[in-house]
Undergrad: 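This is the structure, below, for whatever I ask next.
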Number of protein chains: 2
Amino acid sequence: MAKPSGVVTMADVARSAGVSTMTVSNVINGRPRVGAATRERVLAAISDLGYQVNLAARHLRAGRTGVVGLAVPELERPYFAQLAGRLADRFEAHGLRIVMERTGASREGELDAVAFSRLRMYDGLILSVVDIDPAELGQLRTDAPVVMIGERALPSRFDHVMMDNVDGARQATAHLLATGARRIAMLGGDLVGSATMPALRAQGYALAHAEAGVPVDPELNVRTRFGLRDGYQAIRSLLEQGSEFDAVFALTDVVAMGALRALADAGLRVPGDVQVVGFDDIDEAAYLVPALSTVNPGHEELADLITALLTAQITGGPTGDPQEVVVPARLIQRGTTTPLD
Amino acid sequence: MAKPSGVVTMADVARSAGVSTMTVSNVINGRPRVGAATRERVLAAISDLGYQVNLAARHLRAGRTGVVGLAVPELERPYFAQLAGRLADRFEAHGLRIVMERTGASREGELDAVAFSRLRMYDGLILSVVDIDPAELGQLRTDAPVVMIGERALPSRFDHVMMDNVDGARQATAHLLATGARRIAMLGGDLVGSATMPALRAQGYALAHAEAGVPVDPELNVRTRFGLRDGYQAIRSLLEQGSEFDAVFALTDVVAMGALRALADAGLRVPGDVQVVGFDDIDEAAYLVPALSTVNPGHEELADLITALLTAQITGGPTGDPQEVVVPARLIQRGTTTPLD
DNA sequence: TTGAAAGCGCTAACAT
DNA sequence: ATGTTAGCGCTTTCAA
């Protein structure tokens, strides 16, 4: 029977089986030196009492949880949700579980909520950095396994896996230009910043223009957030202010989805009147009608690298110099752009 | 300076500030009886040393972590990702953080991975039950705050928040029938089971048919999983086997998206040739072209209820009889169905 | 207002 | 093969 409190401890099991807590611990953790008869008795007592290990206690003592944290800006962004699924598959193979939490895309969220304390509940952390300042990275615990993902950050002492934002955006824009587009609206870009996702993708956009000798019209960039509604509104405002454009480069597929809806509402045909390219190659992109042309940032490679780097840190401790890896991106042509022949 | 290990404990801070660990604890937890000067000194030492509380230790001793677990079948399913976002907003207002993990939709995952042990790391758990057996529910720790979500389960001693799967599906199907559809393909339904989501939604489908006096043709139900590709394949197989249908009830919006793509590939127009209704009202539904008619399961009410029930348990202990609440669903008519005039 | 002592449940290290 | 001792870092008494 359970104690009045309802919580059964290892000591209760030990008492009930007539052994020491150490023996119970050995049985639970599958350690070898336990007699068969004793093991049976302990197992019986465990199922009798409905005992479950207290992970907090184990963690406190053993210093590991078997849990890897994944901290992302928003839980509901398909890109991150799908990344989480891929990572969960991979880490499972290493006996580790992924748990996902959100930072709110704020410096505060990224530092305070995740790095400062929660880290202690994880064996390792995968942190999607959006708004953090490289200087503040120094505040993170030095010895905890961390892999950063996301935009290019200044050199830090953490492993860092990145997609090729600039080149991906360059490919997308170049394709649009090659098919004859000359006035390409950009949804969500940042033409002035430097190391954030919106800035990097805008750089690729500008680069493709430069390579093609086509001037960039800043009026065609709409600063916006990255929800469905944001993409919708961006097209609306472009239309309302009378801007002319023959193509759209949306900084994310989600924004592209919002844009496609707004274009349809305005009676503009895709790709006949306006071509559209997104970025991220989320699962939904291939299933839209017409299917969304987009940039695949290298999902599998990213997930493989993140897993390899973090498990190496977890099992091997600090692994020399921090790695900084960029995974190549590639354009996926689908129905929202005109094929080149 | 940190100890050689790199881990700064409360004792280090206490030593550095010339106080006891108890005073440090009091400062950190904002407890009243601490002198202003002492508080300053402690705070200075904390930021000096880069101290962070060890949540495992706190949890072990105090039994709380400030973390609420959300265990769902798949991290990447938009319905759950969007639910997570809503819950995170609400729990934040209570000073609690949501972390999300997956069960893999298996009994084993739901019981073993989540309920049995991980629960010990959370102040409370929101568990999406898919495959669990009510009998096994008895094995869960009695005293931990738990709210179950999802399908109708047999009475248990846990609070349980449900959407109205049967009535939602009934509304969707009834609308299709009212607009003249007579052969409604069902994607993902389970015509024989009883208390799972596929079975409940299939019951609503059958109920609407019965009410309209239209027979159900079991050949029009395609058993399938709930990914985009699954919806796509389901339509393909229906088409290949020559089944005729004038409407589609997809058990989830994601399946509906896959179906829409397959219909377009087959040259069938929506809603002209085939009407389509989904279920879940995920954010994407409103932005598809044409926009997806679907069933809104009451997102905000569900999130409000879950939050209220769980925070009540966390702050107030066991709250008498377990609640079982069903939130009404409502049909959202959009572009994939023919409007009734 | 502050501190000392005790112990949460578990496991590493060392007996036996 | 099993038990004993000690202590992970924190917070709850209770005392000063």
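What you see below is based on every heavy atom in this structure, not just the backbone, and it leaves out hydrogens, waters and symmetry mates. Chain identifiers are assigned alphabetically (A, B, ...) following the order of the sequence lines, protein sequences preceding nucleic acid strands; residue numbering begins at 1 within each chain.
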Undergrad: Assign each of A:Ala11 and B:Arg41 to its nearest nucleotide of DNA chain C by heavy atoms, then name whichever residue's nucleotide is nearer the 5' end.
TA: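 Looking at DNA chain C, the more 5' nearest nucleotide goes with B:Arg41.
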Undergrad: Taking only the side-chain heavy atoms of A:Ala57 (C-beta and beyond), determine which of C:dT2, C:dC10, D:dG3 contains the nearest atom.
TA: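 That would be C:dC10.
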Undergrad: What is the nucleic acid contact for B:Arg31, judged by heavy atoms within less than 4.0 Å: base, sugar-phosphate only, or nothing?
TA: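 The residue B:Arg31 makes sugar-phosphate contact but no base contact.
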Undergrad: Which one, C:dT2, C:dT11, D:dT11, comes nearest to the side chain of B:Met22?
TA: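 Output: D:dT11.
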Undergrad: Using distance alone, with no hydrogens and no angle criterion, decide if A:Glu101 and A:Tyr122 have a side-chain donor and acceptor under 3.5 Å apart.
TA: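 Looking only at side-chain atoms, A:Tyr122 and A:Glu101 do form a donor-acceptor pair, the distance falling under 3.5 Å.
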Undergrad: Measure CZ/A:Arg58 against P/C:dT11 and give the value in whole Å, please.
TA: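 It works out to 5 Å between those atoms.
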Undergrad: Let me know the distance between CZ of B:Arg61 and C1' of D:dC8, rounded to the nearest Å.
TA: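 B:Arg61 atom CZ is separated from D:dC8 atom C1' by 14 Å.
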Undergrad: Would you kindly give the CG-to-C1' distance between A:Leu49 and C:dG9, to the nearest whole Å?
TA: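 To the nearest whole Å, that distance equals 15 Å.
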Undergrad: Can you name the closest pair of heavy atoms from B:Thr21 and B:Ala14 and give their distance?
TA: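 Looking at all heavy atoms of both residues, the shortest contact is N-CB, 3.6 Å.
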Undergrad: Answer with base, sugar-phosphate or nothing: what part of the nucleic acid does A:Asn29 contact at a heavy-atom distance below 4.0 Å?
TA: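 Result for A:Asn29 = sugar-phosphate.
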Undergrad: When you match B:Arg39 and A:Val24 each to their closest nucleotide on DNA chain C, which lands nearer the 5' end?
TA: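 Closer to the 5' end of DNA chain C: B:Arg39.
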Undergrad: May I have the distance from B:Asn26 (atom CG) to D:dT11 (atom P), rounded to whole angstrom?
TA: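 To the nearest whole Å, that distance equals 9 Å.
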Undergrad: Counting side-chain heavy atoms from C-beta on, which of C:dG9, C:dT11, C:dG3 comes nearest to B:Ser20?
TA: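 Out of C:dG9, C:dT11, C:dG3, the nucleotide with an atom closest to B:Ser20's side chain is C:dG3.
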Undergrad: Counting only side-chain heavy atoms from C-beta out, which of C:dT11, C:dA4, D:dT11 sits nearest to B:Met10?
TA: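 Nearest to the side-chain atoms of B:Met10, counting from C-beta on, is D:dT11.
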Undergrad: Please give, in whole Å, the distance from D:dG9 C1' to B:Gln52 CD?
TA: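 Interatomic distance, CD of B:Gln52 to C1' of D:dG9: 13 Å.
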Undergrad: Between D:dC8 atom P and B:Asn54 atom CG, what is the distance in whole Å?
TA: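 My rounded result for the distance is 12 Å.
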Undergrad: Less than 4.0 Å between a side-chain N and a carboxylate O, is that true for A:Asp89 and A:Arg86?
TA: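 No, this pair does not count.
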Undergrad: For C:dC10, does OP1 or OP2 lie under 4.0 Å from any side-chain N or O of A:Ser25?
TA: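 Negative; the distance criterion is not met.
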Undergrad: Within the structure shown, what part of the strands sits under 4.0 Å from B:Thr38 by heavy-atom distance: base, sugar-phosphate, or nothing?
TA: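 It contacts sugar-phosphate atoms only.
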Undergrad: Examine C:dC10: is either OP1 or OP2 under 4.0 Å from a nitrogen or oxygen in the side chain of A:Thr21? Give yes or no.
TA: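 Answer is no, no contact under 4.0 Å.
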Undergrad: With distance as the sole criterion, is a donor-acceptor pair present between the side chains of A:Arg31 and A:Ser25 under 3.5 Å?
TA: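 Yes.
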Undergrad: For A:Ile126, which of A:Leu309, A:Thr307, A:Ile98, A:Val146 qualifies under side chain to side chain contact (heavy atoms under 4.5 Å, CB included)?
TA: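 Single side chain to side chain contact (heavy atoms under 4.5 Å, CB included) partner of A:Ile126 among A:Leu309, A:Thr307, A:Ile98, A:Val146: A:Ile98.
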Undergrad: Is the distance from OP1 or OP2 of C:dG3 to the nearest side-chain N or O of B:Thr23 less than 4.0 Å?
TA: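 Yes, because at least one side-chain N or O of B:Thr23 sits under 4.0 Å from OP1 or OP2 of C:dG3.
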